[in-house]
Visitor: 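Let me begin by handing over the structure; questions about it come next.
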There are 2 protein chains.
Amino acid sequence: MPIRDDPAGRTPDRVRDRPTWLLNRAHARSVAMLHAGFEAHGDGLRGYHYRLLAALEQWGPASQADLGRDTGIDRSDVTAALLELERRSLVARRVDPEHKRRNIVTITPDGLTTLRTLDGVIEQIQRDVLAPLAADEQRQLLALLTRLVRG
Amino acid sequence: MPIRDDPAGRTPDRVRDRPTWLLNRAHARSVAMLHAGFEAHGDGLRGYHYRLLAALEQWGPASQADLGRDTGIDRSDVTAALLELERRSLVARRVDPEHKRRNIVTITPDGLTTLRTLDGVIEQIQRDVLAPLAADEQRQLLALLTRLVRG
DNA sequence: TCCCAATGTTGATGGCGCCAACATATGTCG
DNA sequence: CGACATATGTTGGCGCCATCAACATTGGGA
């Protein structure tokens with residue numbers, strides 16, 4: 001999904017230094033690296049799956065709707081991603097006996113193992129993404145991005 | 001295309017502070033704003049169209065292949081976007097008499113006008129995107145992103 | 001009780017990027 | 001010159017992430 005990696009292409013001046021363009025490129029860079037990492041070690045799982053597993057690990061069993069709210073993933077995409085996770089036995093789904101319209105989703109031991117593996121892969125990618133910057137610059141960037149995002 | 005704007009959703013800890021996640025969110029923010037801007041004032045044009053117009057304005061007439069290289073847009077996508085731009089008379093295409101397999105694309109006066117309009121819209125969006133930061137922080141962020149992207 | 005809200009599912013759409021295949025035109029090298 | 005490779009534009013398909021519409025089911029509140 002990244003734009004062409006090849007920076008050989010001249011970028012129009014009016015585009016090249018714009019904040020939105022830089023954010024786009026930086027994002028493309030990180031997505032490309034994540035993609036490569038998931039490709040190599042993610043066993044076919046994608047960002048959605050990781051986010052769902054992470055949410056389940058952190059807050060325990062939840063309904064699909066809650067998972068969607070907690071991860072910012074649309075209900076319909078939650079359904080699709082959970083089907084895949086269930087197929088791999090990384091999560092289990094059962095109907096909530098209290099509210100029969102609701103599915104309670106639980107992460108399985110295998111799911112936890114997978115989550116930990118992905119954690120390692122992703123941590124390495126974080127380092128790779130930030131590699132062009134010195135340690136203090138990395139901290140600066142993260143602080144600024146955090147303020148940008150939360151602001 | 002941004003992830004859900006609603007930041008109410010709790011984000012899993014292991015995700016929330018990761019550089020790739022922050023870049024993703026910052027990008028989502030800028031894309032959402034760009035989307036809204038194009039929606040309101042872009043007359044249905046998309047990022048591809050703007051980039052092509054910008055490249056034509058800056059470097060003058062070019063073949064479609066060159067446009068693709070200069071903008072990082074795939075040849076096939078260049079074709080589609082130019083069809084739309086031609087339909088709106090924002091660009092003109094003619095066969096290169098020297099190399100009959102080649103189309104020479106030229107921006108029209110209307111195209112220039114549209115480009116300037118979009119420029120204004122986009123400039124405003126840049127300001128909005130960076131609004132949470134003070135002026136010196138904005139400069140810092142841009143410098144860091146530039147190094148990240150070029151590094 | 002009746003209506004409305006929430007839930008899970010299916011299916012479709014859009015933006016952006018990628019790639020394969022093809023016909024056509026243009027070299028280049030034996 | 002002729003065979004071969006290369007560049008170009010076009011078509012069509014795929015993938016990822018995000019969004020929305022519509023629906024049946026279930027539950028809660030007025």
Side-chain angles (χ1 to χ4, degrees), chain A residues 1-6 9 20-21 23-25 27-32 34-36 38-39 42 44-52 62-69 71-84 86 93-105, chain B residues 1-6 9 20-21 23-25 27-39 42 44-52 62-69 71-84 86 93-105:
Chain A
M1 17 243 57
I3 298 184
R4 171 140 85 266
D5 280 14
D6 175 4
T20 53
W21 180 251
L23 285 172
N24 187 312
R25 295 311 301 242
H27 175 248
R29 184 184 147 82
S30 97
V31 167
L34 282 171
H35 188 77
F38 271 76
E39 188 91 5
L45 293 178
R46 289 173 296 99
Y48 276 6
H49 303 120
Y50 177 76
R51 274 149 73 188
L52 290 171
S63 73
Q64 299 188 188
D66 282 343
L67 280 174
R69 279 186 282 271
T71 56
I73 300 175
D74 189 88
R75 288 208 309 278
S76 55
D77 294 322
V78 170
T79 296
L82 286 182
L83 277 178
E84 177 62 21
E86 192 178 36
R93 295 194 299 171
R94 59 187 164 76
V95 173
D96 184 340
E98 310 279 313
H99 301 268
K100 293 207 196 77
R101 72 188 168 195
R102 199 174 293 173
N103 284 337
I104 296 183
V105 185
Chain B
M1 25 226 323
I3 300 185
R4 180 154 58 272
D5 279 13
D6 177 2
T20 53
W21 179 252
L23 285 172
N24 187 310
R25 294 312 301 242
H27 175 248
R29 186 183 146 81
S30 95
V31 167
M33 290 182 173
L34 282 171
H35 188 78
F38 271 75
E39 189 89 7
L45 292 179
R46 308 265 132 245
Y48 276 6
H49 304 120
Y50 177 76
R51 279 198 258 162
L52 291 170
S63 73
Q64 298 188 187
D66 281 343
L67 280 174
R69 279 185 283 269
T71 55
I73 301 175
D74 189 87
R75 288 210 309 280
S76 56
D77 299 320
V78 170
T79 295
L82 286 183
L83 276 177
E84 177 61 21
E86 192 177 36
R93 296 195 298 172
R94 59 188 163 76
V95 172
D96 184 339
E98 310 279 314
H99 300 269
K100 293 208 199 79
R101 72 188 169 195
R102 199 174 295 171
N103 283 337
I104 296 182
V105 185

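Lettering of chains follows the sequences in order, A, B, ..., and the numbering in each one begins at 1.
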Visitor: dG17(C), dT10(C), dC17(D): which one has an atom nearest the side-chain heavy atoms of Arg46(A)?
Guide: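 Side chain of Arg46(A) sits closest to dC17(D).
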Visitor: By side-chain contact (heavy atoms from CB on, under 4.5 Å), which residues pair with Glu98(B), not counting sequence neighbours?
Guide: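 Checked Glu98(B) against side-chain contact (heavy atoms from CB on, under 4.5 Å); matches are Asp96(B).
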Visitor: To the nearest Å, how far apart are Glu84(A) CD and dT9(C) P?
Guide: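 It works out to 15 Å between those atoms.
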Visitor: Take the protein atom CZ of Phe38(B) and the nucleotide atom C1' of dC16(C), then report the distance between them rounded to whole Å.
Guide: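 It is 13 Å, rounded to the nearest whole Å.
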Visitor: Between dT10(D) and Gln64(B), is there an OP1 or OP2 to side-chain N/O distance shorter than 4.0 Å?
Guide: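 True: Gln64(B) side-chain N/O within range (under 4.0 Å) of dT10(D) OP1/OP2.
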Visitor: With sequence neighbours left out, what residues match Ser30(A) under side chain to side chain donor-acceptor pair (under 3.5 Å)?
Guide: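 Ser30(A): no side chain to side chain donor-acceptor pair (under 3.5 Å) contacts found.
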Visitor: Report each atom pair, protein N/O against N/O of nucleotides 26-28 of chain C, whose distance is under 3.5 angstrom.
Guide:
from    : atom 1 : to        : atom 2 : distance (Å)
dT26(C) : OP1    : Lys100(B) : N      : 2.6
dT26(C) : O4'    : Arg101(B) : NH1    : 3.3

Visitor: Check this one for me: any side-chain N or O of Arg93(A) less than 4.0 Å away from OP1 or OP2 of dT9(C)?
Guide: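 Yes, Arg93(A) has a side-chain N/O under 4.0 Å of OP1/OP2 on dT9(C).
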Visitor: Under the side chain to side chain donor-acceptor pair (under 3.5 Å) test, which residues partner Glu86(A), sequence neighbours left out?
Guide: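 Side chain to side chain donor-acceptor pair (under 3.5 Å) check on Glu86(A) returns Arg93(A).
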Visitor: Within this structure, what is the OH-to-P distance between Tyr48(B) and dG14(C), rounded to whole angstrom?
Guide: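 Tyr48(B) atom OH is separated from dG14(C) atom P by 16 Å.
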Visitor: What's the separation between atom CG in Leu23(B) and atom CG in Asn24(A), rounded to the nearest 0.5 Å?
Guide: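 Separation between the atoms: 11.0 Å.
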Visitor: In whole angstrom, what separates Asp77(B)'s CG from dG14(C)'s P?
Guide: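 Roughly 16 Å, once rounded to whole Å.
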Visitor: Using atom CZ of Arg94(B) as one end and atom C1' of dG9(D) as the other, report the distance to the nearest whole Å.
Guide: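 Distance, rounded to whole Å: 16 Å.
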Visitor: With His49(A), which residues qualify under side chain to side chain donor-acceptor pair (under 3.5 Å), at least two apart?
Guide: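 With neighbours one apart ignored, the set is empty.
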Visitor: Could you check whether any side-chain heavy atom of Val105(A) comes within less than 4.5 Å of a side-chain heavy atom of Gln64(A), counting everything from C-beta outward?
Guide: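 Yes - at least one pair of side-chain heavy atoms lies under 4.5 Å apart.
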Visitor: Hey, is the main chain of Ser63(B) close enough, under 3.5 Å, to the side chain of Arg102(B) for a donor-acceptor pair?
Guide: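 No, Arg102(B) side chain to Ser63(B) backbone: no donor-acceptor pair under 3.5 Å.
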Visitor: Provide, to the nearest angstrom, the distance between the CG atom belonging to Leu52(B) and the C1' atom belonging to dG17(C).
Guide: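 Whole-Å distance recorded here is 14 Å.
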Visitor: Below 4.0 angstrom from OP1 or OP2 of dT10(D), is there any side-chain N or O of Arg102(B)?
Guide: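 No, Arg102(B) has no side-chain N/O under 4.0 Å of OP1/OP2 on dT10(D).
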Visitor: As a test of reading the structure: which of dT9(C), dT8(D), dT11(D) is closest to the side chain of Ala65(B), going by heavy atoms?
Guide: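 When the side chain of Ala65(B) is considered, dT8(D) is the closest of dT9(C), dT8(D), dT11(D).
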Visitor: Using a cut-off of strictly less than 4.0 Å, decide whether Asn24(B) has a side-chain nitrogen or oxygen near OP1 or OP2 of dC17(D).
Guide: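 Answer no for this pair, as no side-chain N or O of Asn24(B) is under 4.0 Å from OP1 or OP2.
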Visitor: For Asp77(B), which residues count as a side-chain contact (heavy atoms from CB on, under 4.5 Å) partner, sequence neighbours excluded?
Guide: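 Counting only residues at least two positions away or on another chain, Asp77(B) forms a side-chain contact (heavy atoms from CB on, under 4.5 Å) with Tyr48(B), Ile73(B), Asp74(B).
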Visitor: Side-chain contact test, heavy atoms from C-beta onward, threshold under 4.5 Å: evaluate it for Leu67(A) versus Leu82(A) and give yes or no.
Guide: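 They are in side-chain contact.
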Visitor: N/O contacts under 3.5 Å, protein versus nucleotides 21-23 of chain D?
Guide:
none

Visitor: Quick one: Glu39(B) CD to dG14(C) C1', roughly how many Å, whole number?
Guide: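 After rounding, the reported distance stands at 11 Å.
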Visitor: I need the CG-P distance between Asn103(B) and dA25(C), as an integer number of Å.
Guide: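 Between P of dA25(C) and CG of Asn103(B): 12 Å.
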